[in-house]
Amino acid sequence: MDEETHHRTEQPAQSDAAVVTCALCGTSADGETAPPTWICSVENGRRQYFCEECARTHIRAIESRLDSAWW
């Protein structure tokens with residue numbers, strides 16, 4: 001395949017463990033991986049995660065495949 005593989009961008013936490021954070025509100029997940037209720041979106045080659053609350057608020061825009069800049 002000709003597709004590039006993009007790796008999850010993680011922000012270091014205080015204990016040097018990887019933490020997934022919501023791209024909109026900044027809520028942090030309780031582990032190294034996003035919970036199954038979170039949404040992952042690839043925008044401009046970057047992988048972004050959105051928490052359940054932000055995803056529910058913007059579900060129509062997400063289903064319309066609008067970039068998060070339009071929300």
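Values reported hereafter were calculated over all heavy atoms of this structure, with side chains retained and with hydrogens, waters and symmetry mates removed.
- In this structure Ser28 satisfies the side-chain hydrogen bond (donor to acceptor under 3.5 Å, both in side chains) test with no other residue, sequence neighbours excluded.
- The two residues Glu32 and Val20 make their nearest non-hydrogen contact at O-CG2, 3.4 Å.
- Contact record, Cys22 with Cys51: SG-N, 3.4 Å, taken as the closest heavy-atom pair.
- Among residues two or more places apart in sequence or in another chain, the salt bridge (Lys or Arg N to Asp or Glu O under 4.0 Å) test is passed with Glu52 by Arg56.
- Across every non-hydrogen atom of Ala29 and Val19, the tightest pair is O-CG1, 3.9 Å.
- Remark: Glu53 CD to His58 NE2 distance equals 9.5 Å, nearest 0.5 Å.
- Shown here for Phe50 and Ala23, the closest heavy-atom pair between the two residues is CE2-CB, 3.6 Å.
- Residues Tyr49 and Ala34 share a closest heavy-atom pair of CD2-CB, 3.7 Å.
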